[in-house]
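Note sheet for the following structure.
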Amino acid sequence: MFKEFISKVLQHNKVAIFSHLRPDGDCLGSQVALSLWLKKNGVDVSAFNEDDIAENMTWLLDYFPITKPNNPNLSDYDAFIIVDGNALHRFGKTAESALNTDKPIYIIDHHPDPDDFFEAPISKVSASSTCELIYHLYAEHDADQIDAKSARAMYLGMVTDTGSFQFDSVKPATMHAAADLLERGNFTPNEIAERIYSSRPLRQLKLLSQALDTITLHKGGKFASIIITQKMLDLTETTSEDTEGFVQYPLSVEGVQACILLREDGDRIKLSLRSQSDDIDVNKWARSFNGGGHQKAAGAYFKGTLEDAIKDVIAVGAEQL
Ligand code: 5GP
Ligand code: MN
């Protein structure tokens, strides 16, 4: 898997890397670490994302610039790579139009059931994060190429995609990789935690307090929901980026097996689903609403009102109880 990817990708002169819409720590960390690796190995790289990057992660841009694609001439590139997503539409219009070129499109990802047209795919569902896969890419090629910047970028993605190493996707190999990054990058977990979790704007906590107040239990306490309305965002002067991580809170209620976060987003409702039970597959659940993700973390969009969304989404999830 890694050897084929490495030998093919390093033959290209100029490559564009895309991270997914509404970027998180894992896709951005992967994108930056992979860009640095390609650059180190003589490949010219552009890194694109169509959305804004949350304030607590903009330090990554000092390591490698990620820009919004401004109608780039895709025929200038020899290949494209997407990281941390299994379908091109999750990466926006520019990434989708890469399909209209005859250039290869590579993928490094840990979501189930990727599209089947990718070149030499690195796709592993059991990986805690895409950043853990990028770490193995470095390790297979030349671990000594891991430096202070790439180590921090990869560690960021591992921490954020595992709920600070709490999820059951965390294996001994995940911890070995993280430890190696700490050593090679010469930093402590605290340094990254401070950047990510201790730099929240006050407005975000005000929004959180309003959202926590909406937590409701369903189906005898097996499911929980949490709501973020446009009005709450307006009142606290926050945006959707400020809701990162909120979906974890209802899961900490005793007895809750799965939860849904519902956020008003124009005329749609953004759904985030989380499970902490092997019996509840939120990827399957989200696919009923044309979304997707992993068994324990998934998302989708719902057309309609909040009330309808709660009713319909709970009813679909209840089929798995
Ligand atoms: P989140 O709830 O944090 O937005 O996303 C959780 C997981 O579900 C992520 O791994 C993400 O890739 C996936 N996901 C979120 N929203 C969507 C969506 O609208 N469509 C698909 N296919 N996957 C999504
Ligand atoms: Mn990820």
Side-chain angles (χ1 to χ4, degrees), residues 18-34 49-51 54 57 82-92 95-96 107-115 122-136 153-165 167 169-170 174 177 211 224-228 239-251 258-263 265-266 268-276 280-303 309 313 317:
F18 296 93
S19 50
H20 61 71
L21 302 177
R22 290 178 287 111
D24 59 15
D26 191 31
C27 75
L28 296 173
S30 301
Q31 186 174 30
V32 164
L34 182 63
N49 191 293
E50 303 211 359
D51 283 338
M57 295 187 206
I82 63 168
V83 290
D84 197 38
N86 55 6
L88 275 185
H89 69 88
R90 301 264 303 122
F91 294 79
E96 278 189 284
I107 180 174
I108 305 184
D109 181 40
H110 65 139
H111 293 83
D113 310 319
D115 285 343
I122 295 181
S123 165
K124 197 170 168 198
V125 179
S126 61
S128 70
S129 50
T130 301
C131 278
E132 188 175 337
L133 294 171
I134 305 278
Y135 168 81
H136 288 296
M154 288 185 269
Y155 185 87
L156 165 73
M158 293 179 64
V159 176
T160 52
D161 246 33
T162 57
S164 302
F165 301 107
F167 298 166
S169 56
V170 175
T174 317
S225 60
I226 180 169
I227 292 169
I228 296 152
T239 65
S240 58
E241 270 118 57
D242 291 304
T243 65
E244 183 69 37
F246 284 18
V247 67
Q248 286 306 123
Y249 288 93
L251 278 187
C259 74
I260 330 158
L261 175 144
L262 305 102
R263 175 167 51 76
D265 184 358
R268 303 180 301 178
I269 310 288
K270 167 74 202 324
L271 306 173
S272 280
L273 301 165
R274 297 290 186 275
S275 162
Q276 52 190 357
I280 297 175
D281 182 343
V282 290
N283 177 36
K284 208 168 120 193
W285 189 347
R287 284 186 179 215
S288 302
F289 298 95
N290 291 319
H294 311 266
Q295 196 244 318
K296 291 195 170 154
Y301 283 96
F302 182 92
K303 274 268 186 199
V313 175

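Residue indices begin at 1 and follow the sequence shown. Order of appearance sets the numbers: ligands from 1, and atoms from 1 within every ligand.
Counting heavy atoms from C-beta on, the side chains of H294 and H111 come closer than 4.5 Å. Two residues are said to be in side-chain contact when any heavy atoms from C-beta on lie closer than 4.5 Å; T160 and E244 fail this criterion.
Backbone or side-chain N, O or S atoms of H110 reach the Mn ion (ligand 2) at under 2.8 Å. Among the backbone and side-chain atoms of D109, no N/O/S atom is found under 2.8 Å from the Mn ion (ligand 2). Metal site remark for the Mn ion (ligand 2): D24 contributes no N, O or S atom at a distance under 2.8 Å.
The closest protein non-hydrogen atom to atom 9 (C) of ligand 1 is H111 NE2, 3.9 Å. Scanning all protein heavy atoms for the shortest distance to atom 7 (C) of ligand 1 gives A297 O, 3.5 Å. Here the protein heavy atom with the shortest distance to atom 3 (O) of ligand 1 is R274 NH2, 2.9 Å. Among all non-hydrogen protein atoms, the one lying nearest atom 11 (C) of ligand 1 is R90 NH2, 3.2 Å.
For T174 (side chain) and S128 (main-chain N/O), no donor-acceptor pair under 3.5 Å exists by modelled atom type. Counting only distance, with no hydrogens or angles, the side chain of D51 and the backbone of R22 share a donor-acceptor pair below 3.5 Å.
The contact set between ligand 1 and R22, taken as ligand atoms under 4.0 Å from a residue heavy atom, comprises 4 (O), 16 (N).
With a heavy-atom cut-off of 4.0 Å, H294 touches ligand 1 through its side chain alone.
When distances from the Mn ion (ligand 2) to the N, O or S atoms of D26 are compared, OD2 comes out shortest.
Angle OD2 (D161) to the Mn ion (ligand 2) to OD1 (D84): 170°, rounded to 10°.
In terms of polar-atom proximity, S272 is counted as a contact of ligand 1, with an N or O under 3.5 Å from an N or O of the ligand. For the pair D84 and ligand 1, the shortest N or O to N or O distance does not fall below 3.5 Å. Checked against a 3.5 angstrom limit, the closest N/O atoms of G299 and ligand 1 fall inside it. Backbone and side-chain nitrogen or oxygen atoms of L273 are examined, and none is located within less than 3.5 angstrom of a nitrogen or oxygen of ligand 1. The N/O atoms of H89, backbone and side chain alike, include none that comes under 3.5 Å of an N/O atom in ligand 1.
The minimum heavy-atom distance linking D115 with L88 is given by the pair OD2-N, 4.0 Å. Heavy atoms only, all atoms of each residue included: F91 and S19 are closest at CD2-C, 3.4 Å. The minimum heavy-atom distance between A300 and F289, with the atom names listed, is CB-O, 3.7 Å. Here the closest non-hydrogen pair linking V282 and R274 is CG1-C, 3.9 Å.
Judged by the shortest distance from any of its heavy atoms, A300 lies inside the 4.0 Å radius around the atoms of ligand 1. Ligand 1 is approached by K270 to a heavy-atom distance shorter than 4.0 Å.
For atom 14 (N) of ligand 1, the nearest non-hydrogen atom from the set C27, G292, G293 belongs to G292.
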Residue pair D113, R287: steps toward the side-chain contact (heavy atoms from CB on, under 4.5 Å) verdict: CA-CA 12 Å; D113 310 319; R287 284 186 179 215; 3.8 Å; yes
